[in-house]
Amino acid sequence: MKTAGSARDPLWYKDAVIYEVPVKAFFDANNDGIGDFPGLFQKLDYLQDLGVTCLWLLPFFPSPLRDDGYDISDYMNVHPSYGTMEDFRKFLNAAHLRGIQVMIELVVNHTSDQHPWFQSAREAAPGSKERNFYVWSDTDRKYEGARIIFTDTEKSNWTWDPVAKAYYWHRFFSHQPDLNYDNPDVLEEVLKVMRYWLDMGVDGLRLDAIPYLVEREGTNCENLPDTHVVLKKIRAAMDEGYEGRMILAEANQWPSDVRPYFGDGDECHLAFHFPLMPRIFMALRLEDRHPIVDILAQTPEIPENCQWGLFLRNHDELTLEMVNEEERDYMYLAYSSDPRMRINVGIRRRLAPLMENNSRRIELLNSLLLSFPGTPIVYYGDEIGMGDNIHLGDRNGVRTPMQWSGDRNAGFSRAAPETLYSPVIGDPVYGYGAVNVESQTGEASSPLNWMRNMIALRKLFRVFGRGEMKFLDPANRKILAYLRRAGGETVLCVANLSRFAQPVELDLQQYQGMRPVEMLGYVEFPVIGAQPYPLSLGPYGFFWFELQEPRKQGEIQAGE
Amino acid sequence: MWTQIQQALQESTARVLMGFVRLVPGLGALIVALLISAVAAKIFGFLLKRSLRGIKFDAKMASWGISGLSEISPTGSPTLLVVRFVSWCIILVGVLIGIAAFDATLTQQMVIRMFEYFPNFLVAVVLLFFGNVIARFLARGVLIGAVNHNLPYARLLSLGVKWLVIVLTSAMALEHLGIGGRIVDLAFAILFGGIVLALALAVGLGSKDLVSRSLENQTFQGREKSEEQFRHL
Amino acid sequence: MAVLDTITQETEGHADRTGEADLVVALPSCQSREQLDDAVAGLRTVLPELLPNGKTVILHPDTAVAAASEDAGPSAADTSLQLLAVTMAPVERYHQQSLDQGLRALLQAGRTLNAKVCVMMSSEPSAESLRGLADQVLYNGFDLSVPLYARHKFDSLINRGIVYPLTRALYGARLHNPMAADMAISPQLAGKYLQSQPAAGQTDCGWITTNALCSGLQVCQVHRGFAPLPGVSEAVDLSDSLAQVLSTLLLDAERNAVCWQRVRGSQGVRTFGRPEPEENESAPAQVGEMIETFHRGCKDLLDIWATALSPATLLNLKKLAKLPEDQFRLPDGVWVHALYDFMLGHRQRVINREHLLRAMTPIYLAWVASYALEVQTFSPAAVVNRIETLGAAFEDLKPYLLSRWRWPDRFNP
């Protein structure tokens with residue numbers, strides 16, 4: 001039976017506030033030390049209260065878990081540690097009842113080497129239908145133009161399979177063979193998977209690693225035209241059978257290279273803006289708006305029905321692939337004093353430690369996230385300022401259990417601490433004793449309540465999700481000022497990237513006669529005149545102003 | 001003579017020693033029972049605390065408007081109150097088990113009676129708790145209502161209602177515990193009557209004006225009354 | 001929900017037999033045959049003028065059905081007017097739930113009959129009122145028309161002191177009787193209202209008035225003179241009524257928070273008809289008792305008020321309590337702050353909501369006393385101006401409400 005999506009507005013993803021959550025890390029209901037769907041179900045009230053409108057679930061499918069679930073061995077089931085299909089359905093319905101949409105992962109580029117497809121492929125005869133589900137070669141010298149992504153662990157994109165007696169192609173770990181999209185059966189199977197989840201009522205799909213779907217000799221095997229053919233087919237299949245659903249593309253590329261993934265509005269609805277994120281951090285550290293303004297100037301226009309997905313931090317490292325050499329060096333020096341904080345081409349730390357737990361900096365960055373053009377994505381735990389653990393391997397340091405209270409295991413699970421999938425953060429600054437949901441709920445000025453109020457405010461103004469953006473160009477480069485406009489609604493955002501108070505004069509002549517009203521406290525500021533508009537901002541301060549027309553005194557009109 | 005004295009001494013020493021030796025296992029048992037119950041209380045208390053925190057007991061209490069419990073709770077947390085109560089109950093049970101280990105009819109009977117008594121005790125505690133909560137809630141409602149009706153002694157009235165409920169539930173609790181017997185009934189009747197009389201006086205004194213005014217109004221129909229001058233809806 | 005289902009089935013069943021209608025009128029107050037006969041005879045006089053060649057369906061409570069449809073009902077030849085009996089309870093004054101049920105029955109019938117306008121006449125039906133209200137929807141393109149009642153200066157005080165100015169400040173429309181229970185409704189608004197579902201834990205879907213204002217639909221008011229409002233079931237106590245009205249008002253505001261946070265200032269509402277001339281009366285106001293209640297509140301309810309009111313407002317109230325009767329004036333600012341604080345306290349559930357709203361009675365009485373003393377010698381026009389000034393104060397302090405609504409914190413001035 002096909003269940004309808006939960007969103008009424010087909011463009012719901014434009015106004016959404018997405019919350020990224022790994023099921024295993026959120027809440028453990030059966031006390032086996034691993035978070036699960038019943039746990040997530042129990043915490044839906046918290047998420048609703050926070051104000052997020054869409055949950056992005058990291059992979060929860062059966063998997064050998066050698067890449068945090070991105071190595072899937074069965075696309076149409078739930079990993080037994082996380083519960084059952086029934087638990088998932090129950091959670092999905094409960095989320096929908098609360099007006100929360102649910103987005104899941106569709107990892108289409110590769111499977112686990114444990115997946116039955118791969119197992120039968122390696123056994124099957126070369127050239128057979130089964131074998132052709134994956135990319136095989138007798139030599140490891142094909143597609144040499146393709147770079148290696150996991151530079152820390154992989155030496156080649158080819159790995160020898162002794163059973164098949166051939167090399168198989170993998171862009172990520174060697175246990176994740178890439179699917180072969182030159183074989184039409186592969187797409188058919190992927191569409192089956194997609195329909196399976198959409199039929200259940202899932203609202204969105206995040207397509208993982210899509211630039212690498214297709215390989216061609218003589219290219220870098222990224223962003224190839226044939227990839228778009230595949231994507232268009234996936235989108236067409238979605239549009240054909242379902243309303244109000246969404247595809248989010250994960251393409252860690254330059255904006256101009258990501259642009260084609262929107263197609264003419266007929267590929268992905270949403271795509272991450274990867275290069276923006278490191279530049280926000282860079283601008284803050286440099287106390288200069290240039291990196292942000294520069295990258296957004298390079299960002300091309302996208303179709304009406306499409307949107308950028310914005311984030312500060314996620315479950316991966318703070319990726320530095322989309323910056324140049326010099327910028328990368330600067331970022332390493334600025335944000336990873338300890339070499340253990342680095343992994344692959346990035347920095348594996350959470351938002352709060354990156355900001356050295358300075359609440360003003362954290363608030364400033366979140367204010368940018370919530371007011372830039374795009375759909376904001378909040379990583380679980382960042383709303384309370386959770387820390388990370390660089391002593392854990394891979395990127396597990398930013399995937400520790402959610403800190404619910406000061407009780408044992410941070411209130412995440414009642415299992416014995418040694419059975420938890422990962423130790424909780426216990427240090428004196430970021431540990432669960434100091435940073436947890438319970439203590440922050442009651443405190444009106446806590447990071448959690450700050451985030452809750454800001455999300456509510458963002459949702460009040462549709463211009464944030466739908467409006468265009470225009471930068472102002474004040475002389476003081478420590479000040480970032482921009483206008484968001486949509487349908488007669490104008491919002492002015494001003495942010496001070498410096499640690500000291502800053503003056504600024506804004507050229508707002510176009511809005512002469514209008515009155516800026518500060519949105520958080522609804523404070524009326526002086527009317528904009530012919531002169532540049534002067535403002536002073538405190539350290540890392542920011543303002544959101546609603547530009548209001550001068551008040552018209554309403555007259556009672558007589559009727560007959 | 002000496003042999004007799006010696007024998008008597010030996011016998012008495014043996015008796016005392018025997019008695020002591022008989023007592024030692026009981027003592028040991030008491031200490032062990034105490035230790036075990038203390039550990040059990042700690043563990044159970046911990047589990048209870050976790051589960052109460054899990055269901056957000058404190059927040060629920062507050063949202064149900066039951067602030068009475070938090071006022072009498074340590075550090076204002078009803079969870080802690082419940083946990084401590086349960087822990088002490090477990091320790092009490094441990095003590096009883098320990099005492100029962102003294103092989104004596106008296107102690108055994110006492111223990112059996114204590115256990116028979118236990119459900120009554122629990123009911124009494126629950127009664128007292130709800131009595132307290134209801135008393136506070138009603139007292140606030142009465143206070144607001146009395147002030148809105150412009151009754152003097154509004155606070156007295158609300159206090160009266162509060163104590164009425166508390167006394168009533170306390171009497172019920174004592175009845176359940178079987179303490180005091182008829183004295184309680186009698187004392188309760190006197191106290192209850194006293195409170196009712198006090199309330200009647202408070203209302204009566206307060207409404208004296210009210211009554212006289214309404215009589216006046218009936219007598220002098222033409223006189224305008226403030227209530228008729230204004231219409232709120 | 002069962003009641004609603006029955007209503008739907010009933011009206012749909014009848015609708016099959018009735019076909020279509022231009023006008024559907026609900027008369028929930030006609031609980032007896034005589035009342036219904038009188039009402040129908042009255043309404044019949046304006047129908048030809050209001051709807052030449054049009055068809056009207058009158059919904060009335062089934063308690064009056066047998067007699068009415070047999071004796072006084074239209075003959076088979078007269079197809080322009082038809083009576084339908086449905087389960088319908090009389091609407092009580094300012095009682096949202098009873099109005100909501102009647103409205104749903106009416107609007108569902110209107111939808112099935114494809115009516116151009118639905119008219120709710122909760123108070124005593126009058127031909128004049130029907131014409132006044134229905135005209136605006138039928139011929140002037142309004143989606144909702146409500147009556148504007150003339151009232152003596154000491155009447156309808158909850159409306160003057162709270163409902164009107166608060167609705168004006170929140171929704172930006174100077175609608176003088178936003179809680180009126182008589183109204184004419186367009187199919188567009190009917191559709192919107194029927195779509196809305198009661199929020200969890202609530203029994204009704206809020207006011208149709210605020211629903212129309214938030215949807216940006218056209219609203220107008222029609223002068224109705226000193227016409228009576230629907231009755232109240234029994235002699236209710238002031239704090240009951242106040243708590244009931246406030247509760248409806250605040251729950252509605254909570255439901256529409258996204259809408260009213262974006263509204264600034266206020267606009268006049270198109271008004272039709274002629275205002276009834278009012279006599280200049282000036283009786284000295286008897287406010288001693290009210291002030292006494294306020295004093296008592298200040299003495300005994302201070303700690304309950306303190307859960308909601310900010311310290312500055314509390315201090316101002318205490319200062320007010322010290323004033324002699326002839327100087328007893330509650331400044332608009334203090335009154336508005338107090339009301340906004342109660343609104344925020346209600347939203348945050350600082351104590352039991354019912355208790356909180358009831359505890360406001362003495363402060364409301366202080367406002368009434370202060371208002372009465374101030375306007376006792378005023379002319380009707382000056383009283384209107386006074387209420388407009390109060391409305392402006394509500395608007396001026398809206399940022400206070402907004403900032404605390406957006407940024408809840410107990411650390412208030």
Side-chain angles (χ1 to χ4, degrees), chain B residues 56 59-68 70-71 133-162 202-203 205-214 216-217 220 222-233, chain C residues 93-94 151-162 179 229 232 236-245 283-301 303-304 307 349-362 364-365 368-369 371-372 376:
Chain B
K56 294 188 185 137
K60 285 218 170 95
M61 280 289 163
S63 71
W64 293 336
I66 307 173
S67 54
S70 59
E71 281 166 31
V133 169
I134 294 169
R136 280 162 195 269
F137 189 81
L138 282 182
R140 194 164 68 195
V142 167
L143 179 66
I144 294 169
V147 169
N148 289 348
H149 282 100
N150 202 3
L151 292 181
Y153 311 114
R155 198 166 270 281
L156 194 67
L157 204 66
S158 116
L159 263 180
V161 168
K162 182 169 153 187
V203 175
L205 288 175
S207 50
K208 197 177 68 188
D209 285 352
L210 222 69
V211 175
S212 65
R213 257 180 278 150
S214 84
E216 265 173 42
N217 279 337
F220 308 100
R223 240 171 105 167
E224 208 169 2
K225 231 187 101 205
S226 68
E227 274 170 35
E228 284 165 12
Q229 198 183 7
F230 299 97
R231 276 198 202 87
H232 297 284
L233 282 177
Chain C
R93 188 183 304 177
Y94 289 131
R151 288 289 178 257
H152 298 292
K153 59 180 149 192
F154 295 154
D155 273 4
S156 192
L157 290 167
I158 295 184
N159 189 46
R160 279 179 207 261
I162 301 174
M179 282 180 111
L229 290 170
V232 274
V236 280
D237 158 79
L238 168 65
S239 51
D240 280 344
S241 331
L242 185 68
Q244 195 182 330
V245 173
Q286 313 271 321
V287 295
E289 236 177 277
M290 298 187 193
I291 296 181
E292 215 176 297
T293 308
F294 173 65
H295 284 159
R296 217 172 286 290
C298 270
K299 206 170 99 224
D300 291 332
L301 298 184
D303 43 350
I304 297 181
T307 58
R349 297 169 195 267
V350 287
I351 56 169
N352 175 286
R353 284 182 160 182
E354 174 88 15
H355 281 175
L356 183 74
L357 297 183
R358 280 171 184 273
M360 209 189 136
T361 313
Y364 164 72
L365 286 177
V368 174
Y371 162 81
Q376 54 188 345

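Protein chains get the first letters and strands the later ones, always in sequence-line order, with residue 1 at the start of each.
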Return the NZ to CZ distance between C:Lys299 and B:Arg155, rounded to the nearest 0.5 Å.
8.5 Å
Tell me, for C:Ile158 versus chain B, whether the close heavy atoms (under 4.5 Å) come from the side chain, the backbone, both or neither.
both
Out of curiosity, C:Asn352 CG to B:Phe137 CZ, how far, rounded to the nearest 0.5 Å?
4.0 Å
Measure distances from C:Lys153 to the heavy atoms of chain B and classify the residue's part below 4.5 Å as side chain, backbone, both or neither.
neither
Are any side-chain N or O atoms of B:Asn148 and backbone N or O atoms of C:Leu238, one a donor and one an acceptor, separated by less than 3.5 Å?
no
Would you mind checking which part of C:Tyr364 comes under 4.5 Å of any heavy atom in chain B, side chain (CB onward), backbone (N, CA, C, O), both or neither?
side chain
B:Val147 and C:Pro362: which non-hydrogen atoms are nearest, and at how many Å?
CG1-CG, 3.8 Å
Roughly how far apart are B:Ile144 CD1 and C:Ile351 CD1, rounded to 0.5 Å?
5.5 Å
Which pair of non-hydrogen atoms, one from B:Arg140 and one from C:His355, has the smallest distance, and what is that distance?
NE-ND1, 3.0 Å
What closest approach, in Å, do B:Tyr153 and C:Arg296 show between heavy atoms, and which atom pair accounts for it?
N-NH1, 4.4 Å
Report the residue from C:Asn159, C:Leu365, C:Ile162 that forms a side chain to side chain contact (heavy atoms under 4.5 Å, CB included) with B:His232.
C:Leu365
